[in-house]
Amino acid sequence: MSVYDILKERGFIEQVTHEKEVKEMLENEKVKFYIGFDPTADSLHVGHFIQIIVMKHMQNAGHIPIALVGGGTAKIGDPSGKTDMRKMLENNTLDENAKAIGNQISKYLVLDGEKGILENNANWLDNLNYIDFLRAVGSKFSVNRMLEAECFKSRMQNGLSFLEFNYMIMQGYDFLELNRRYNCKLQLGGNDQWSNIIAGANLIRKSDRKSAYGLTFTLLTTSAGQKMGKTEKGALWIDKDKTSPFELFQYFRNVSDVDVEKVLKLLTFLPLDEIEKLVNVEGNEINKAKEVLAYEFTKIVHGKDEADKALEAARALFGGGKNEENIPSTEFDSSLFEDDGYEIRKILVDIGICSTFSEGKRLIQSGGVYLNDERVKEFYSALSLKDFKDGEAMIRKGKKVYHKIIIKK
RNA sequence: GGAGGGGUUCCCGAGCGGCCAAAGGGGGUGGACUGUAAAUCCAUUGUCAGAGACUUCGAAGGUUCGAAUCCUUCUCCCUCCA
């Protein structure tokens with residue numbers, strides 16, 4: 001079975017420029033393809049990860065991925081799917097981000113220059129000569145056409161700067177450049193990248209009279225149509241210092257029933273018949289599938305050790321297990337808890353469960369905070385030494401968020 | 001460059017001198033119900049404080065006892081004209 005069929009079967013594929021040709025190409029040759037990642041933050045998040053999974057599928061099938069970090073394009077800002085112009089980032093931040101993201105991607109794919117390649121489009125975009133560029137590339141684009149593009153639609157009302165208007169051209173040029181440098185013939189991306197991808201493929205046809213193809217994948221959304229991987233704190237990051245493996249695990253442990261099958265197919269490598277078995281169950285049996293999903297995905301992102309720990313921690317908290325070692329925790333100096341103790345709403349802020357005291361207070365008042373499984377009644381309640389057992393106390397927010405308070409030895 | 005219309009709290013969107021920390025919806029969070037699901041219902045959603053204070057309505061000034069609401073300048077966006 002070809003990768004194309006695998007991707008199709010698992011529900012990745014959304015749009016293809018030339019289905020027949022792409023399919024044949026993937027069946028008959030080693031194809032160099034690329035996916036771009038703009039370094040708008042110092043880590044990738046779950047929404048990006050689906051692209052990495054795709055690249056792995058492709059690499060496993062013997063194709064050669066080019067992971068393109070958009071150090072150049074990020075200076076422009078992709079208007080796709082945005083209603084407002086993005087904040088402009090400083091050049092040095094972008095450089096650091098680009099480095100961090102390059103490192104992350106390298107953890108998941110072989111990018112040795114042979115089986116896979118890591119590139120940065122700043123290498124060719126930064127020093128473009130405006131006039132030369134306009135003559136060579138700008139002449140190949142029709143503004144009329146561009147204005148029709150889906151990715152600009154939402155911006156026709158809210159305003160689109162010329163800077164951002166050029167994003168499509170830059171991305172198109174990337175494809176041309178990669179085609180020339182590496183003979184890259186295929187660009188993949190999320191479905192929001194469709195316009196940008198065809199821009200590149202068309203540019204290659206027009207400039208060099210060569211064929212190039214594009215293929216887009218479904219975006220990771222919930223059944224409600226919202227982007228998956230967003231939490232109240234923001235994105236779910238791949239960097240474990242930004243989002244702990246336990247948090248990542250819990251997020252997927254808690255996806256809606258209707259999304260489980262889709263996400264298992266997209267974010268894990270489990271065979272389809274196995275997924276089938278997990279999902280075709282009655283009522284709360286589906287929880288097993290969710291656990292598998294959470295475990296498998298955490299394993300892919302953070303490795304087996306971290307996944308095991310997260311699984312154990314989750315079972316300890318929700319399944320009556322014993323091993324509570326891996327639950328998120330924070331150490332405090334014992335002197336804080338002497339006498340009247342230390343106010344719980346302040347602890348909530350310290351351990352990052354709330355961002356302000358007011359929020360902590362509200363949370364307690366609405367009955368959402370528990371100390372050692374007992375609901376905290378007063379918003380000014382404090383945590384004092386008598387609440388600790390073996391130097392530990394458990395704070396819980398709502399039903400699912402646990403945090404251990406440990407006395408520093 | 002000219003004419004007109006706008007920038008409101010996480011988002012959309014009312015308000016157009018006091019009753020406005022600002023309607024309504026969305027989203028978030030908590031509670032009830034459950035299966036660590038969905039749906040539903042209730043509460044909550046600026047900060048700090050044992051209920052009173054402090055900072056918000058693009059920015060800076062001004063008028064007024066009092067401004068998100070009026071005036072001035074600046075800035076950004078939209079529409080039409082050039």
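Within every chain, numbering begins at 1; the chains are lettered A, B, ... in the order of the sequence lines, protein sequences first and strands thereafter.
A:T298 is linked by a side-chain hydrogen bond (donor to acceptor under 3.5 Å, both in side chains) to nothing, counting only residues two or more places apart in sequence or in another chain. When the side-chain contact (heavy atoms from CB on, under 4.5 Å) test is applied to A:A310, the partners found at least two apart in sequence or on another chain are A:F249. Residues passing the side-chain hydrogen bond (donor to acceptor under 3.5 Å, both in side chains) test with A:K377, sequence neighbours excluded: none. For A:S384, the side-chain hydrogen bond (donor to acceptor under 3.5 Å, both in side chains) partners at least two apart in sequence or on another chain are A:K386. Looking at residues two or more places apart in sequence or on another chain, you find a side-chain contact (heavy atoms from CB on, under 4.5 Å) between A:E343 and A:R345, A:K346, A:Y380. Annotation: side-chain hydrogen bond (donor to acceptor under 3.5 Å, both in side chains) contacts of A:Y213 (sequence neighbours excluded): none.
Near RNA chain B, meaning a heavy atom under 4.0 Å away, the residues from residues 283-293 of chain A are A:G283, A:N284, A:I286, A:N287, A:K290. At a non-hydrogen distance threshold of 4.0 Å, nothing from residues 299-306 of chain A comes into contact with RNA chain B.
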Can you give one letter per nucleotide of nucleotides 45-50 of chain B, going 5' to 3': B for a protein heavy atom under 4.0 Å from the base, S for sugar-phosphate only, - for none?
S-SBBB

With sugar-phosphate taken as primed atoms, P, OP1 and OP2 and all else as base, the protein-contact string of nucleotides 75-80 of chain B at under 4.0 Å (heavy atoms; B, S, -) is --SSS-

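Among residues at least two apart or in separate chains, ring pair (Phe, Tyr, Trp, His ring centres under 6.0 Å) pairs with a member in residues 53-76 of chain A are A:F12-A:H57, A:H57-A:F269. Sorted pairs that involve residues 272-284 of chain A and meet salt bridge (charged side-chain N to carboxylate O under 4.0 Å, His left out), not counting sequence neighbours, are lacking altogether.
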